[in-house]
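The figures that follow rest on heavy atoms only: side chains count, while hydrogens, waters and symmetry mates do not. Keep in mind that this is a model prediction, so the values were computed, not measured. Residue numbering restarts at 1 for every chain, and letters A, B, ... go by the order of the sequence lines.
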Amino acid sequence: MAQPSYYTLVFAVTREIPRGRVSTYGAIADFLALGSARMVGWALNNSFHEEDVPAHRVVNRKGELTGRNHFPTPTLMQERLEEEGIRVEDNRVADFDEVFWHPKVLGMDYEVKVD
DNA sequence: GAGTTGACGAGCA
DNA sequence: ATGCTCGCCAACT
């Protein structure tokens, strides 16, 4: 693909999520101006085809681990987050407001590196 | 080709 | 505050 499609952008931004931080579908969709957070979720579903996409760091707006059912094992997502120092209680990020990360910190001039 | 589904979000009752 | 509805747009049946 010569030009990056929306999932390529989603993958790129998701990879930029710092360790110990989480982002949301809406934040990524808003940053990429995709128009809908569902597209981000769908894109991340295909992220399993990729390897370096930390999809476990992407949660919904409430901080709930809604995508855990789509992981190889439903507990993998929570385990990985806790492993990064993120407290997860009842399928939800406890310190969500603190660990929340918005892609806008990348800057508006952020260019996706696509090979 | 048409209708339904979905890792969501915002608005409204 | 909780619950329901609508909008988004690509993929799937």
Side-chain angles (χ1 to χ4, degrees):
Chain A
M1 48 174 83
Q3 292 182 335
S5 28
Y6 67 85
Y7 12 107
T8 308
L9 298 171
V10 172
F11 296 157
V13 173
T14 304
R15 288 195 191 96
E16 297 302 319
I17 300 177
R19 178 185 171 86
R21 291 288 171 88
V22 296
S23 188
T24 68
Y25 307 97
I28 297 173
D30 180 63
F31 174 69
L32 298 176
L34 296 178
S36 182
R38 290 191 170 202
M39 304 296 94
V40 178
W42 206 100
L44 283 176
N45 188 10
N46 285 275
S47 72
F48 286 105
H49 194 270
E50 303 289 324
E51 293 183 1
D52 296 327
V53 181
H56 60 275
R57 293 181 187 156
V58 183
V59 296
N60 69 359
R61 186 222 168 292
K62 303 173 193 169
E64 297 172 333
L65 282 53
T66 51
R68 72 186 194 162
N69 280 324
H70 293 259
F71 277 75
T73 58
T75 55
L76 180 62
M77 187 173 186
Q78 178 172 345
E79 289 179 8
R80 273 188 150 176
L81 289 174
E82 290 180 336
E83 187 178 344
E84 296 184 357
I86 300 175
R87 291 195 305 170
V88 178
E89 295 182 7
D90 192 35
N91 303 324
R92 184 170 62 145
V93 178
D95 297 322
F96 176 65
D97 293 331
E98 297 181 15
V99 299
F100 173 70
W101 177 86
H102 196 286
K104 73 177 183 181
V105 300
L106 293 174
M108 299 179 68
D109 295 329
Y110 173 71
E111 296 182 8
V112 179
K113 284 80 177 180
V114 193
D115 192 346

Check: N45(A) side chain, G41(A) main-chain N or O, donor-acceptor pair, under 3.5 Å: no

Of the listed dC8(C), dA7(B), dG9(B), the closest approach to the S36(A) side chain comes from dC8(C)

Among dA7(B), dG9(B), dG6(B), the one nearest any side-chain atom of M39(A) is dG6(B)

Which atoms of nucleotides 1-5 of chain B (N or O only) lie under 3.5 Å from a protein N or O atom, and what are those distances?
none

[X] versus [Y], closest heavy-atom pair with distance:
{"X": "H56(A)", "Y": "M77(A)", "answer": "O-CE, 3.4 Å"}
{"X": "P54(A)", "Y": "T14(A)", "answer": "CG-O, 3.4 Å"}
{"X": "N60(A)", "Y": "F96(A)", "answer": "O-CZ, 4.1 Å"}
{"X": "V59(A)", "Y": "E64(A)", "answer": "CB-O, 3.4 Å"}
{"X": "F11(A)", "Y": "A43(A)", "answer": "CE2-O, 3.1 Å"}

Report the distance from atom [atom1] of [X] to atom [atom2] of [N], rounded to the nearest whole Å.
{"X": "R80(A)", "N": "dA7(B)", "atom1": "CZ", "atom2": "P", "answer": "19 Å"}
{"X": "L9(A)", "N": "dA10(C)", "atom1": "CG", "atom2": "P", "answer": "14 Å"}
{"X": "D30(A)", "N": "dC8(C)", "atom1": "CG", "atom2": "C1'", "answer": "14 Å"}

Joint hydrophobic cluster, [X] plus [Y], side-chain heavy atoms closer than 4.5 Å:
{"X": "M39(A)", "Y": "V53(A)", "value": "yes"}
{"X": "F48(A)", "Y": "V13(A)", "value": "no"}
{"X": "V40(A)", "Y": "Y7(A)", "value": "yes"}
{"X": "I17(A)", "Y": "F100(A)", "value": "no"}

For residues 23-34 of chain A, which side-chain donor-acceptor pairs fall under 3.5 Å, sequence neighbours excluded?
| unit_1 | atom_1 | unit_2 | atom_2 | d |
| --- | --- | --- | --- | --- |
| S23(A) | OG | W101(A) | O | 3.1 |
| T24(A) | OG1 | A27(A) | N | 3.0 |
| Y25(A) | OH | V58(A) | O | 3.4 |

Residues 89-98 of chain A vs side chain to side chain donor-acceptor pair (under 3.5 Å), sequence neighbours excluded, gives R68(A)-N91(A), R87(A)-D95(A)

Note: contacts of residues 84-100 of chain A with DNA chain B (heavy atom, under 4.0 Å) are none

Numerically ordered, the residues 51-76 of chain A set in heavy-atom contact under 4.0 Å with DNA chain B is A55(A), N60(A), R61(A), T66(A), G67(A), H70(A), F71(A)

d(E83(A) CD, L76(A) CG) to nearest 0.5 Å is 9.5 Å

Could you run down the sub-3.5 Å N/O contacts of the protein with nucleotides 11-13 of chain C?
| unit_1 | atom_1 | unit_2 | atom_2 | d |
| --- | --- | --- | --- | --- |
| dA11(C) | OP1 | Y7(A) | OH | 3.3 |

